[in-house]
Student: 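Below is one structure. I have some questions about it.
Whatever order the structure lists ligands and atoms in, that order sets their numbers, starting from 1. Only heavy atoms go into these numbers, but all of them, side chains included; no hydrogens, no water, no symmetry mates. The residues of the chain are indexed from 1 along the displayed sequence.
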Amino acid sequence: MKRTTKSLRQAKGNSQIVCITAYDTVTARLADAADVDVILVGDSVGNVVLGFDSTVPVTVDMMVHHTAAVARARPSALVAADIPFGVAHGEFSELLKICMRLMQEGGAEAVKIEGGIEMAPTIARLTAAGVPVWAHIGLQAQNVYQEGGYRKFGKTEDEKSALFAAANAHEKAGAFALLLEMMVPELAGEITKKASIPTVGIGSGTACDGQIIVMHDILGLSPKKPSFAKVYADLGSQAVAAISSYRDDIRRN
Ligand code: KIV
């Protein structure tokens with residue numbers, strides 16, 4: 001069954017929405033064969049497969065290229081693409097053109113935007129223009145240089161109120177879902193209860209309507225994975241063993 005923003009909204013409350021990243025056709029096919037609900041072409045493509053230290057160097061062209069590769073798998077899962085660093089803070093007409101590229105050239109069915117309450121008016125304009133928006137709050141990896149690293153969000157009363165306000169504003173602005181990254185689990189649970197749109201968590205406990213994970217982290221393909229990501233298979237070691245067997249076959253001859 002083809003997943004849509006509508007079917008995701010209908011899944012609110014069942015804690016069963018399964019989301020995972022993919023950056024190419026091969027991994028998108030794997031994710032789809034496993035019957036996930038959403039494939040995110042995350043800007044984590046930068047640090048997970050392109051060799052950058054963070055998501056900041058990822059450009060619009062890179063996102064379009066990787067999104068198109070995922071969409072060519074024609075998955076039943078909804079394909080969402082990240083809006084890369086800086087873009088959502090510029091001119092609205094430019095942002096709209098970039099969403100058009102991601103949807104028309106890339107085949108994305110939704111975009112994900114990192115941002116607090118300041119991003120709500122932009123989300124409202126995008127949704128009015130027919131762009132489905134998944135709003136991403138809590139840890140925003142694109143702010144890594146501003147923050148000086150990665151950390152848990154929602155520990156202080158001020159931060160808690162700001163995150164509540166952002167979640168509420170994004171829902172009012174028309175976002176079809178909220179992504180809650182590295183948030184204190186109790187806060188993620190409270191936001192989930194209050195919101196009428198689905199929440200998808202990562203490193204934010206189990207009370208969200210769904211979860212997202214970076215595929216390479218759970219397949220043993222990431223040298224640096226976050227501690228909350230469970231490794232379900234060690235494909236990295238298996239690949240090295242397989243390539244070594246190939247090497248031995250060649251060198252024996
Ligand atoms: O870019 C990404 O993969 C993400 C996930 C970590 C949620 O935003």
Student: Assess whether a salt bridge exists between D32 and R3, defined as any Lys/Arg side-chain N lying under 4.0 Å from an Asp/Glu carboxylate O.
Tutor: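 Salt bridge absent between D32 and R3.
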Student: Is it the side chain (CB and beyond), the backbone, both or neither of V48 that lies under 4.0 Å from ligand 1, heavy atoms counted?
Tutor: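 Within the 4.0 Å criterion, V48 makes no contact with ligand 1.
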Student: Out of all atoms in ligand 1, which are within 4.0 Å of some heavy atom of G42? Include the element for each.
Tutor: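 Answer, ordered by atom number: 1 (O), 2 (C), 3 (O).
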Student: Tell me, yes or no, whether the heavy-atom count around K193 atom NZ, taken from other residues, nucleotides or ligands under 6.0 Å, exceeds 12.
Tutor: no
Student: Check the pair D61, R101 against salt bridge (Lys or Arg N to Asp or Glu O under 4.0 Å), reporting the backbone distance first and the verdict last.
Tutor: CA-CA 9 Å; D61 283 344; R101 282 196 66 197; 2.8 Å; yes
Student: Is it true that a side-chain atom of K152 and a backbone atom of G203 form a donor plus acceptor pair closer than 3.5 Å?
Tutor: yes
Student: Which residue and non-hydrogen atom of the protein lie closest to atom 6 (C) of ligand 1, and at what distance in Å?
Tutor: I202 CD1, 3.9 Å
Student: Do the rings of F176 and W134 sit parallel, tilted or perpendicular, given the 30° and 60° boundaries?
Tutor: tilted
Student: Would you confirm whether H136, through its side chain, and L179, through its main-chain N or O, come within 3.5 Å as a donor-acceptor pair?
Tutor: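 Not confirmed, H136 side chain does not pair with L179 backbone.
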Student: Evaluate side-chain contact (heavy atoms from CB on, under 4.5 Å) for F85 paired with T55, printing each intermediate quantity in order.
Tutor: CA-CA 7 Å; F85 175 70; T55 61; 5.9 Å; no
Student: What part of L40, side chain from CB on, backbone N/CA/C/O, both or neither, has a heavy atom under 4.0 Å from ligand 1?
Tutor: side chain
Student: Between K112 and ligand 1, find which residue part has any heavy-atom pair under 4.0 Å and reply side chain, backbone, both or neither.
Tutor: side chain
Student: Please determine whether a side-chain nitrogen of the Lys or Arg among E159 and R151 lies less than 4.0 Å from a carboxylate oxygen of the Asp or Glu.
Tutor: yes
Student: Take every heavy atom of H136, measure it against each atom of ligand 1, and state whether any distance is under 4.0 Å.
Tutor: yes
Student: Flag D82 as yes when one of its N or O atoms lies below 3.5 Å from any N or O atom of ligand 1, and as no otherwise.
Tutor: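 Yes, at least one N or O pair falls under 3.5 Å.
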Student: With atoms numbered from 1 as shown, which atoms in ligand 1 lie under 4.0 angstrom from a non-hydrogen atom of L179?
Tutor: 7 (C)
Student: Is the closest N or O pair between S44 and ligand 1 shorter than 3.5 Å?
Tutor: yes
Student: Side chain, backbone, both or neither: which part of V45 has a heavy atom under 4.0 Å from ligand 1?
Tutor: neither
Student: Under 4.0 Å, heavy atoms only, figure out whether ligand 1 is touched by the backbone of D43, its side chain, both or neither.
Tutor: both
Student: Taking 4.0 angstrom as the limit and counting only heavy atoms of T21, give me the atoms of ligand 1 inside it, by number and element.
Tutor: 3 (O)
